[in-house]
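Following: one structure in structure tokens, then a few remarks.
Note that the structure is predicted; figures quoted are calculated from it, not measured. For reference, positions follow the sequence shown, starting with 1.
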Amino acid sequence: MEAISSNDDTGDLAAWPDSALIAAIRSEPPQEAALDALVERYWRPLYARCRVLTVDDEKARDLAQEAWRRVLRVRASLRPDGNFPAYLAMTATNAWRDTQRTALRAGPMAENRLASIDADLGTNGEDSVSLADLLPDPTTLTQAEETALKLDVDEALARLSPLLRDILVARFLTGESCAEIGQRYQRTEQTISGWVREAVRQMKAHLREPAGFCGDRNEI
């Protein structure tokens with residue numbers, strides 16, 4: 001499938017509500033201008049989600065494209081009154097999870113092997129914390145500091161196992177509870193809570209390293 005373009009002129013369609021655009025793409029064939037308007041509206045937040053998951057620009061673009069492909073394949077079942085941004089974000093997240101399952105089946109030669117789901121993640125009894133605890137207030141940073149911070153966060157995310165990265169995204173970005181995540185992984189809420197603490201602990205450790213931007217900041 002060719003890359004979906006968001007540069008076409010969609011005219012007045014840009015002002016249509018999501019419900020009208022979704023109704024238009026449910027037709028056969030889908031109305032291309034309506035699809036372009038949806039892509040233009042949601043490409044940036046979708047790409048941002050994919051960038052967090054993949055920690056790579058090219059892979060993020062590929063994942064975003066795959067999310068749109070999946071949406072098109074099931075467009076007839078889309079609900080015009082549904083929460084389309086949330087559905088799109090979850091579609092991208094599920095597509096990323098599928099790639100991680102494939103990597104797991106590939107064994108030790110996989111590019112990004114998942115940590116064992118039964119591995120000891122060493123939570124060390126830490127209290128639950130928020131991702132906001134890891135970072136300085138972005139409104140206090142200069143542009144150079146903000147750029148350096150983004151690089152440090154990218155590096156810290158890349159050093160997490162795909163399992164822990166998925167847990168962070170599900171808990172803090174998607175807003176799933178530990179109980180909901182546990183149902184997907186067939187683990188207890190307490191186990192998932194431990195994974196969340198471990199993911200945050202590792203992020204904090206990476207961001208505190210001397211080489212990192214945040215390592216010299218007293219706030220962390």
Side-chain angles (χ1 to χ4, degrees), residues 1-7 18 21-22 24-26 29-30 32 34-80 82-117 131 150 153-178 180-187 192 195-196 199 203:
M1 178 179 175
E2 294 182 357
I4 300 171
S5 172
S6 60
N7 296 323
D18 286 357
L21 294 173
I22 291 170
I25 70 170
R26 291 179 62 187
E32 292 186 9
L35 176 61
D36 288 342
L38 279 173
V39 171
E40 179 68 25
R41 186 172 297 175
Y42 292 116
W43 177 263
R44 291 186 67 182
L46 174 64
Y47 176 81
R49 165 63 62 88
C50 295
R51 185 65 175 76
V52 169
L53 289 167
T54 63
V55 202
D56 180 271
D57 290 338
E58 184 175 351
K59 290 179 180 179
R61 285 190 291 270
D62 290 344
L63 181 59
Q65 292 284 353
E66 176 60 22
W68 283 109
R69 291 186 185 96
R70 293 189 179 200
V71 167
L72 284 175
R73 284 200 293 267
V74 301
R75 67 183 186 277
S77 63
L78 293 175
R79 293 176 48 191
N83 187 337
F84 183 73
Y87 176 77
L88 184 62
M90 182 54 67
T91 298
T93 302
N94 288 338
W96 180 79
R97 287 171 181 155
D98 287 345
T99 65
Q100 302 311 306
R101 294 188 189 101
T102 300
L104 179 61
R105 288 194 295 269
M109 297 305 293
E111 180 181 359
N112 290 300
R113 184 170 184 178
L114 278 168
S116 169
I117 215 161
L131 279 182
K150 289 178 180 178
V153 171
D154 275 358
E155 182 179 352
L157 285 169
R159 293 169 68 176
L160 292 179
S161 70
L163 171 63
L164 291 185
R165 205 183 314 153
D166 184 30
I167 295 298
L168 277 186
V169 169
R171 186 69 186 92
F172 294 108
L173 295 186
T174 307
E176 294 180 68
S177 68
C178 289
E180 290 170 330
I181 300 170
Q183 289 178 356
R184 184 170 65 253
Y185 279 103
Q186 298 184 335
R187 290 298 184 274
I192 300 303
W195 288 359
V196 170
M203 284 286 292

Side chain to side chain contact (heavy atoms under 4.5 Å, CB included) assessment of Met90 paired with Glu176: CA-CA 11 Å; Met90 182 54 67; Glu176 294 180 68; 4.1 Å; yes
Minimum-distance pair of heavy atoms, taken over all atoms of Ala64 and Cys50: N-SG, 3.6 Å
Just say parallel, tilted or perpendicular for the rings of Trp68 and Phe84, cut-offs at 30° and 60°. tilted
On a heavy-atom basis, which atom in Leu53 and which in Ala92 lie closest, and how many Å separate them? CD1-O, 4.3 Å
Beyond-backbone contact of Val169 with Trp96, side-chain heavy atoms, under 4.5 angstrom: no
Sequence neighbours excluded, the answer for side chain to side chain donor-acceptor pair (under 3.5 Å) partners of Arg44 is none
Is the backbone N or O of Ser177 less than 3.5 Å from a side-chain atom of Arg171, with the two atoms forming a donor-acceptor pair by type? no
Could you check if a side-chain atom of Leu88 sits within less than 4.5 angstrom of a side-chain atom of Pro45, using non-hydrogen atoms only? no
Under 30°, 30 to 60°, or over 60°: which ring-plane class applies to Tyr47 and Trp43, parallel, tilted or perpendicular? parallel
Ile22 side, atom CD1; Leu38 side, atom CG - distance, nearest 0.5 Å: 6.0 Å
Non-hydrogen atoms of Leu78 and Tyr87 that approach each other most closely: CD2-CE2, 3.5 Å
Nearest 0.5 Å please: distance from the CG atom of Asn94 over to the OG1 atom of Thr99. 11.0 Å
Evaluate the side chain to side chain contact (heavy atoms under 4.5 Å, CB included) criterion for residues Thr54 and Asp62: first the C-alpha distance (whole Å), next the side-chain angles of each, then the deciding distance (0.1 Å), finally the verdict. CA-CA 10 Å; Thr54 63; Asp62 290 344; over 6 Å; no
Check the pair Asp166 / Tyr185 against side chain to side chain contact (heavy atoms under 4.5 Å, CB included), numbers first and verdict last. CA-CA 11 Å; Asp166 184 30; Tyr185 279 103; 2.5 Å; yes
Value for CD1 (Ile181) from CZ (Arg187), rounded to nearest 0.5 Å, stands at 14.0 Å
List the atom of Leu160, the atom of Arg165, and the distance in Å for their closest heavy-atom pair. O-NH2, 3.5 Å
Taking every heavy atom of Ser77 against every heavy atom of Val74, the minimum-distance pair comes out as OG-O, 2.7 Å
Taking the side chain as every heavy atom from C-beta outward, state whether Met203 and Leu168 have any pair of such atoms under 4.5 Å apart. yes
Decide, yes or no, whether a salt bridge links Glu66 with Arg70 under the criterion of side-chain N to carboxylate O below 4.0 Å. yes
Side chain to side chain donor-acceptor pair (under 3.5 Å) partners of Arg75, counting only residues at least two apart: Glu28
Residue pair Leu46 / Leu63, side-chain heavy-atom distance below 4.5 Å: no
Heavy atoms only: give me the nearest Ala67-Thr91 pair and the separation to one decimal. O-CG2, 3.7 Å
